[in-house]
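Following: one structure in structure tokens, then a few remarks.
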Amino acid sequence: MRAWVETGQAVGRGADRLKTMADPQQVLRDRVRGAIVASFGSGLADADPLIRSSAFADFQANAALPLAKRLGRAPRDIAAELIAALDVADISSEPSVSGPGFINFTLRDDWIAGQAAGLLRDDRLGIVPAEHPQTVVAEYSSPNIAKEMHVGHLRSTIVGDAIARALEAVGHHVVRDNHVGDWGTQFGMLIEHLLDVGENSAEAALLRTDPNAFYQAARRAFDSEPAFAARSRERVVKLQGGDPATLRLWTQLMGMSREYLRRTYATLRVTLTDDDVRGESFYNDMLPGVVADLEAKGLAVISDGALCVFPPGFTGRDGRPLPVIVRKSDRGYNYSSTDLATVRYRVDKLNCDRAIYVVGSDQALHLAMIFAVSREAGWIPPGIVFEHDQIGMVLGTDGTRLRTREGEAVPLSSLLSEGIERARGILDELGASSEADPGELDAIAEDVGIGAIKYADLSTARDSAYVFDWDRMITFRGNTGPYLQYATARIRSIFRKAGLDERGVSPATAVTAAAERALALKLLAFGAAVSQVAETAEPHRLCGYLFDVASLFTTFYEECPVLRAEPASLREARLALCALTLRVLTAGLGLLGVPVPERM
RNA sequence: GCGCCCGUAGCUCAGCCGGACAGAGCAGCUGCCUUCUAAGCAGCCGGUCGGGGGUUCGAAUCCCUCCGGGCGCGCCA
């Protein structure tokens with residue numbers, strides 16, 4: 001971080017690698033911290049300057065209040081002393097004390113303009129690389145093979161992908177990990193069904209297009225034909241025993257299912273590839289070692305015939321200790337065994353510093369226990385973070401789990417096509433961009449429909465349940481994907497009208513009008529918003545930020561004519577602001593994985 | 001029964017590592033298109049932040065408790 005300067009000016013020889021630290025809150029934080037140390041000594045270097053946005057100024061520092069307690073002095077006096085020690089003349093008008101001891105800052109217009117100009121020259125748009133780059137394993141999506149993804153998987157997929165992108169943007173090494181369900185008892189059934197219908201049959205091809213139909217057919221046979229069920233169970237034994245013929249069929253099943261996954265992820269604009277798939281089967285031959293280690297460490301005991309670990313602090317229904325069953329009484333392994341092996345693999349082989357599980361909140365207890373056992377076993381050394389980033393349930397408008405009218409989970413494919421159809425309907429109805437030909441309109445409808453669905457998943461806190469509502473999702477008002485897309489389309493339209501390339505604007509920003517100033521100031525915080533997502537794994541914070549940007553832009557758009565602006569310097573400045581806004585919005589939406597059509 | 005999460009405007013949700021005013025969108029009501037896409041903008045209306053205690057100079061934010069809801073709780077994943 002040392003090579004980074006606040007002013008956006010180049011340091012020494014590195015002029016070609018200009019770096020900025022434009023975020024006003026960070027700049028003020030550093031300055032106020034400096035004043036605290038200068039006034040009260042380095043013993044208070046740990047004191048948080050508490051920079052917050054303010055209703056009475058651009059920002060306020062609340063540091064004086066807690067300092068008053070530590071120093072045993074009046075807060076307003078502390079604030080006054082801090083102001084005396086503060087060196088902010090270059091960025092702010094004279095700070096003032098108000099209320100019980102708040103220090104108010106009103107940033108200088110020329111500073112804001114200068115910082116914005118710096119951002120425009122910065123390829124990273126103010127995103128600051130993490131001081132200590134980490135290897136982060138991000139587990140997300142993780143659907144069951146040969147079963148259609150449902151909206152819960154959809155949300156994990158979308159949110160997890162955004163988190164992964166944000167982590168990479170700040171310089172972490174991200175290992176995407178699609179922990180698919182590709183092993184276990186259901187595969188006996190699926191393999192037998194594949195044999196029955198024929199490997200090259202039309203029914204088998206369903207695996208590529210509509211895996212749920214294939215699964216349901218197998219399920220029906222399993223439930224209604226005892227002979228089929230018996231064969232299926234035998235097949236599971238062969239599968240787990242490594243029978244070559246069975247493994248060949250399993251591999252084929254997997255291949256076809258992956259085609260389905262690939263297509264789904266492509267439609268969703270999700271970055272997961274085949275290389276990211278490390279399903280449950282991947283850990284199969286590590287399971288005996290996992291169990292042996294737990295036994296060797298004296299953590300595993302037999303209880304009711306099953307091998308169990310009882311991590312402290314977990315109790316069940318009757319107040320009895322709750323087990324993590326690592327080997328069933330039939331000596332088979334289960335998902336706990338697999339998840340434990342996964343922990344070890346991520347630490348030992350992937351060398352992760354942090355592992356995030358973007359997984360449904362209903363697995364909270366399970367994962368907490370897996371982490372507890374892993375720590376007990378010493379598999380997760382201190383300093384390595386394993387976290388469950390919970391995904392809340394998706395509800396229908398009636399407030400219950402989202403289902404079809406028939407009571408089944410809504411298939412993902414129909415969900416996506418409905419979104420695209422609805423988007424197309426609205427585009428037609430409203431008379432979308434007359435410049436676009438029908439083919440482009442199709443592409444726009446897809447971007448808008450998919451973008452709306454994804455943004456809806458991203459914009460609300462990931463761990464809270466949310467109501468899936470088409471009408472609120474695909475609308476062009478409020479904190480929605482289409483609203484943000486529309487803002488970018490309007491900006492591009494300006495440049496098209498002017499016959500200019502937005503990448504070619506001169507970074508001659510200036511802020512005079514209130515709308516210009518508010519927009520420019522907000523744009524400076526882009527990097528901070530991205531860093532926050534990487535730290536908290538909460539993409540909805542970036543959504544909120546981008547919505548603010550888009551809202552401030554539309555206000556600017558209404559109040560400040562760009563192309564008609566006089567004199568030329570004002571026009572230049574506004575074009576620069578437009579270009580910067582466009583870059584921030586497209587970069588931000590890019591990090592969210594929300595597609596951005598050129599026009600709408 | 002135990003554990004975890006949640007309860008903020010009529011609706012859907014932000015804010016919650018305590019700090020001056022509780023915000024947004026929708027819905028309702030007013031205005032604004034010879035002017036860069038009105039898919040928009042400006043404004044009004046609307047809240048005992050589930051109830052009650054506590055800690056604090058200060059609580060939507062932290063603690064306790066009660067009420068209401070969700071999820072989970074031994075061999076499915």
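What you see is a predicted model, and the numbers here were worked out from it, not measured in a lab. Each chain gets a letter, A, B and so on, in the order its sequence line appears, and its residues count up from 1.
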So which of [range] are in contact with RNA chain B, with a heavy-atom cut-off of under 4.0 Å?
range                       : result
residues 446-454 of chain A : none
residues 541-554 of chain A : A:R541, A:F547, A:T554
residues 58-76 of chain A   : A:Q60, A:N62, A:L65, A:P66, A:K69

So [X], base contact, sugar-phosphate only, or nothing? Heavy-atom distance under 4.0 Å.
X      : answer
A:N334 : sugar-phosphate
A:S98  : base
A:R52  : sugar-phosphate
A:L563 : base
A:F56  : base
A:H366 : nothing
A:P561 : base

Check your understanding: Would you say A:V448 and A:I444 make side-chain contact, with heavy atoms under 4.5 Å?
Key -> yes
Check your understanding: So, is the end of the A:R327 side chain (NZ or CZ) under 6.0 Å from the ring centre of A:Y333 and within 45° of the ring's axis?
Key -> no
**Study point:** Parallel, tilted or perpendicular: ring planes of A:F468 versus A:W470, cut at 30 and 60 degrees
**Key:** perpendicular
Practice item. Check RNA chain B for consecutive Watson-Crick or G-U pairs with both distances under 3.5 Å and list the runs of at least three as stems. Key: B:1-7 with B:67-73, B:10-13 with B:23-26, B:28-32 with B:40-44, B:50-54 with B:62-66
Solution key, residues 311-319 of chain A side-chain donor-acceptor pairs under 3.5 Å, sequence neighbours excluded:
none

Under 3.5 Å donor-acceptor pairs involving side-chain atoms of residues 564-572 of chain A, not counting sequence neighbours:
from: A:R571; atom 1: NH1; to: A:L563; atom 2: O; distance (Å): 3.1
from: A:E572; atom 1: OE1; to: A:S506; atom 2: OG; distance (Å): 2.9

Check your understanding: Which residue, A:C308 or A:A55, contacts RNA chain B at a nucleotide closer to its 5' end, judged by nearest heavy atom?
Key -> A:A55
Under-4.0 Å side-chain N/O to phosphate OP1/OP2 contact, [X] with [N]:
X      : N     : result
A:R317 : B:G3  : no
A:R327 : B:C75 : no
A:T555 : B:A42 : yes

Point to revise | Reference residue A:H179; test ring pair (Phe, Tyr, Trp, His ring centres under 6.0 Å); the match among A:Y283, A:Y335, A:Y357, A:Y345 | key: A:Y283
Review point. For A:Y486 and B:G40, what is the distance between atoms OH and C1' respectively, to the nearest whole Å?
Key: 5 Å
Check your understanding: Tell me: CE of A:M189 to P of B:C76, nearest whole Å?
Key -> 15 Å
